[in-house]
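Please read the structure below before turning to the comments.
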Amino acid sequence: MKAYRKEIFKSRFQEHYPRLCCIACGYVSDREDAEDIVQELFISVWNKGLDEMEEKEFAAYMTTAVKNSCISFLRKRKDDVVSIEDYHQPASCLTDDEEDADGKSPEEVLESVLAVLPPRCRDIFLMAKLQGMKYREIAESLNLSEKTIENQMTKAIKMLREYVATYGVALTAVVVIILSMIVNCE
């Protein structure tokens, strides 16, 4: 039974490790930190016997767990001072094939991602996320109800998630990097 468990664990590790590292890298922006987080997660899963879940449950659990581990990691490091020059490193989380695949700069990729949104929805999303406006402020400036702003933000986030799911994790990493740079510059 123990040998069988080891084989399943090894198989799951080989299958999920690259994807989970990519997700983690999108959060922590450093390949080594991302790998450490994922490796520690697999050790925890082995020690707790969670690797015996069904495949779908295991995949969902691991995805959620890696996101939560990254958030915890970032909370611990939030007081670290990071210069803007350090933000060139996240691109190293992408493979050479994913980097600059279409010859687009990260800003152009972000622009193409935001282009999927209807104009009003995009404007509301940008006001909320890039300008840091509260829903109430956006509603007042556009003469709309606060509920309309909430609905438009929900629509924007849903459309962006669908777009990223369709075009891959590498795109997610690029968008996260650019948005974090914009937020940190303000």
Side-chain angles (χ1 to χ4, degrees), residues 2-78 82 86-117 129 156-184:
K2 193 173 185 179
Y4 179 70
R5 182 176 174 218
K6 284 182 182 179
E7 285 301 314
I8 290 175
F9 184 81
K10 182 179 177 181
S11 168
R12 287 185 170 174
F13 180 85
Q14 290 171 342
E15 179 182 348
H16 295 284
Y17 183 79
R19 178 181 63 85
L20 294 173
C21 282
C22 225
I23 292 169
C25 196
Y27 281 91
V28 299
S29 304
D30 181 75
R31 186 78 171 162
E32 291 177 10
D33 288 338
E35 288 179 357
D36 288 345
I37 289 168
V38 174
Q39 289 169 4
E40 287 174 20
L41 180 60
F42 270 102
I43 291 169
S44 174
V45 164
W46 174 263
N47 290 338
K48 293 177 182 177
L50 298 173
D51 56 309
E52 297 174 359
M53 294 183 205
E54 290 184 29
E55 180 58 32
K56 285 185 179 181
E57 290 176 27
F58 181 79
Y61 173 82
M62 293 300 284
T63 301
T64 302
V66 79
K67 289 177 185 177
N68 291 339
S69 296
C70 289
I71 291 168
S72 295
F73 174 84
L74 292 172
R75 281 187 184 136
K76 290 176 189 171
R77 291 189 47 181
K78 76 178 181 181
V82 178
D86 292 340
Y87 278 101
H88 71 282
Q89 292 178 344
S92 67
C93 293
L94 307 175
T95 65
D96 291 338
D97 295 339
E98 293 168 328
E99 248 180 282
D100 200 29
D102 297 332
K104 292 182 177 180
S105 70
E107 292 82 7
E108 291 171 324
V109 172
L110 179 62
E111 192 62 38
S112 66
V113 170
L114 293 175
V116 303
L117 299 176
K129 297 299 179 187
I157 291 168
K158 181 180 177 186
M159 290 178 74
L160 291 173
R161 280 186 182 149
E162 289 171 0
Y163 184 88
V164 169
T166 302
Y167 294 101
V169 177
L171 184 58
T172 305
V174 171
V175 171
V176 168
I177 293 162
I178 294 170
L179 286 175
S180 68
M181 286 173 51
I182 291 168
V183 169
N184 289 332

Measure across [X] and [Y] and return the closest heavy-atom pair with its distance rounded to 0.1 Å.
X: Glu54; Y: Arg12; result: C-NH2, 3.5 Å
X: Cys21; Y: Glu35; result: SG-CG, 3.8 Å
X: Thr63; Y: Arg19; result: OG1-NH1, 2.8 Å
X: Ser69; Y: Leu41; result: OG-CD1, 4.4 Å

Interatomic distance, [X] atom [atom1] to [Y] atom [atom2] [nearest 0.5 angstrom]:
X: Ile157; Y: Leu117; atom1: CD1; atom2: CG; result: 10.0 Å
X: Ile8; Y: Glu52; atom1: CD1; atom2: CD; result: 8.0 Å
X: Asn68; Y: Tyr27; atom1: CG; atom2: OH; result: 8.5 Å

Less than 4.5 Å apart, side chain to side chain, heavy atoms only: is that true for Trp46 and Lys6? yes

Can you list every salt bridge (Lys or Arg N to Asp or Glu O under 4.0 Å) pair that touches residues 56-71, not counting sequence neighbours? none

Does Ser44 have any side-chain hydrogen bond (donor to acceptor under 3.5 Å, both in side chains) partners at least two apart in sequence or in another chain, and if so, which? none

With sequence neighbours excluded, what pairs up with Ala24 under the side-chain contact (heavy atoms from CB on, under 4.5 Å) test? Ala34, Val38, Val66, Cys70

With sequence neighbours left out, write down each residue that passes ring pair (Phe, Tyr, Trp, His ring centres under 6.0 Å) with Phe42, or none if nothing qualifies. Phe9, Phe13

Looking only at atom types and distance, does a side-chain atom of Ser11 sit under 3.5 Å from a main-chain N or O of Glu7, one as donor and one as acceptor? no

If you look only at pairs with a residue in residues 53-72, which of them pass as a ring-ring contact (aromatic ring centres under 6.0 Å, His included), with sequence neighbours excluded? His16-Phe58

